[in-house]
Amino acid sequence: MTRADIDQRTRGFTLVEVMVALLIFGMIAAAGVAILSFSIRTQGVTNSRFDDIAALNRTASLLSGDLGQAVDRPARDEAGTTFPAFVGSADGQLRFVRTGWSNIDAAPRASAQKVAYQLVGGVLQRLAYPMLDGAAPLPPVALLDHVRQVGTRYRFQGAWSDRWDGSQGAALPQAVEFTIQRDTGSGLRIMLLVGTGYASPQNGVGGTNAPA
């Protein structure tokens, strides 16, 4: 074996070869970081979307459960003023009494509960009262955020109204329509029956409401 052969075997990489190898490694590493970053962002957007869908489902379920069990029971506020059984405006403000309040701890209280809905600072909130008469509400529960506007209509005997105060001929409307506009530009429209076991004095029919 000649000296030239030994030198050929033992010589290292040239600077150009090292720079090319570092460049290739850097490109592969950058591509990996970009893919990982994209995956993390996608996962975050997906989780946020799933959370939002879950919040929409919870809101619809609560509204459906509360309105479906609404009853003709006027209630008094903290000042002792008596309000109709169902009060609603065009901007999503609702207050009424519902039955079916679960009592897991067997507390000494009624099975009916006064509840209210309101839009405050872009957040749709649900208020619950510990007692039907004379009590202040419990801390509000946030149901849906990024809400720009809420519109509400009330249906009774085939006609829609943008408010309800019991002067329309019955204590309860037959149905309520919610139109929720989000900051993202998306919208949601929900139509729900009110007090499905309620019969207005005008129709005198027991059981469920007439078709809304």
Side-chain angles (χ1 to χ4, degrees), residues 51-52 54-156 161-183 188 190-198 200 209:
D51 291 342
D52 193 57
L56 287 171
N57 290 334
R58 285 194 302 269
T59 301
S61 297
L62 279 171
L63 283 168
S64 178
D66 286 342
L67 290 171
Q69 298 184 85
V71 292
D72 181 4
R73 203 288 193 182
R76 295 191 301 272
D77 64 6
E78 300 93 308
T81 304
T82 300
F83 283 87
F86 193 106
V87 178
S89 60
D91 57 358
Q93 304 277 347
L94 295 178
R95 182 168 54 186
F96 55 93
V97 175
R98 57 156 290 176
T99 58
W101 186 15
S102 299
N103 194 358
I104 300 175
D105 298 329
R109 61 168 175 78
S111 61
Q113 183 182 38
K114 184 167 62 176
V115 296
Y117 288 85
Q118 61 183 13
L119 179 63
V120 178
V123 179
L124 182 61
Q125 299 177 342
R126 180 184 186 268
L127 297 171
Y129 293 75
M131 293 184 292
L132 292 174
D133 298 305
L138 299 171
V141 176
L143 300 179
L144 198 62
D145 57 6
H146 300 293
V147 178
R148 185 174 70 247
Q149 184 179 6
V150 176
T152 321
R153 296 196 303 164
Y154 311 90
R155 186 177 178 87
F156 181 67
S161 173
D162 60 359
R163 66 176 182 85
W164 190 271
D165 57 11
S167 64
Q168 290 82 355
L172 307 178
Q174 292 175 315
V176 175
E177 177 193 66
F178 280 88
T179 304
I180 301 174
Q181 298 294 330
R182 311 291 301 280
D183 292 339
L188 177 68
I190 311 173
M191 295 184 65
L192 301 167
L193 291 176
V194 177
T196 53
Y198 173 79
S200 66
N209 286 334

So which pairs with a foot in residues 114-126 pass salt bridge (Lys or Arg N to Asp or Glu O under 4.0 Å), sequence neighbours left out?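 Non-adjacent pairs meeting salt bridge (Lys or Arg N to Asp or Glu O under 4.0 Å): Asp66-Arg126.
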Pairwise salt bridge (Lys or Arg N to Asp or Glu O under 4.0 Å) hits with a residue in residues 166-175, at least two apart: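 Residue pairs with at least one partner in residues 166-175: there are none.
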At their closest point, which heavy atom of [X] faces which heavy atom of [Y], and how far apart are they?
X: Ala116; Y: Tyr129; answer: CB-CE1, 4.3 Å
X: Ala70; Y: Leu172; answer: O-CD1, 3.7 Å
X: Val97; Y: Ala75; answer: CG2-CB, 4.2 Å

Could you pull out all residues at least two apart from [X] that satisfy side-chain hydrogen bond (donor to acceptor under 3.5 Å, both in side chains)?
X: Gln125; value: Gln118
X: Asp162; value: none
X: Gln149; value: none

Any side-chain heavy atom of [X] sitting closer than 4.5 Å to one from [Y]?
X: Leu67; Y: Leu193; result: no
X: Gln69; Y: Val71; result: no
X: Asp72; Y: Pro74; result: yes
X: Asp183; Y: Val147; result: no

What pairs of donor and acceptor atoms, side-chain ones from residues 55-65 against any protein atom, are under 3.5 angstrom apart with sequence neighbours left out?
{"from": "Asn57", "atom 1": "ND2", "to": "Ile53", "atom 2": "O", "distance (Å)": "3.3"}
{"from": "Thr59", "atom 1": "OG1", "to": "Ala55", "atom 2": "O", "distance (Å)": "2.8"}
{"from": "Ser61", "atom 1": "OG", "to": "Asn57", "atom 2": "O", "distance (Å)": "2.9"}

I'd like to check the side-chain contact (heavy atoms from CB on, under 4.5 Å) partners of Ala135; sequence neighbours left out, ordered by chain and number.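 Ala135 satisfies side-chain contact (heavy atoms from CB on, under 4.5 Å) with Pro130, Met131 once adjacent residues are dropped.
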Anything under 3.5 Å between a donor and an acceptor, one on a side chain of residues 82-96, the other on a protein residue two or more places apart or in another chain? List them.
{"from": "Ser89", "atom 1": "OG", "to": "Asp91", "atom 2": "OD1", "distance (Å)": "2.4"}
{"from": "Asp91", "atom 1": "OD1", "to": "Gln93", "atom 2": "N", "distance (Å)": "3.4"}

Residue pairs, two or more places apart or on separate chains, that pass side-chain hydrogen bond (donor to acceptor under 3.5 Å, both in side chains) and touch residues 130-148: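 Residue pairs passing side-chain hydrogen bond (donor to acceptor under 3.5 Å, both in side chains), neighbours aside: Arg73-Asp133.
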Side chain to side chain contact (heavy atoms under 4.5 Å, CB included) assessment of Val150 paired with Phe178: CA-CA 7 Å; Val150 176; Phe178 280 88; 4.1 Å; yes
Partners of Asp52 by salt bridge (Lys or Arg N to Asp or Glu O under 4.0 Å), sequence neighbours excluded?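 If we apply the salt bridge (Lys or Arg N to Asp or Glu O under 4.0 Å) test to Asp52, skipping adjacent residues, the hits are Arg49, Arg182.
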With Glu78 via salt bridge (Lys or Arg N to Asp or Glu O under 4.0 Å) - residues at least two apart: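 Scan of Glu78 (salt bridge (Lys or Arg N to Asp or Glu O under 4.0 Å), adjacent residues dropped) gives none.
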Separation of Tyr154 OH from Thr152 OG1 (nearest 0.5 Å):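 Nearest 0.5 Å value for the OG1-OH distance: 4.5 Å.
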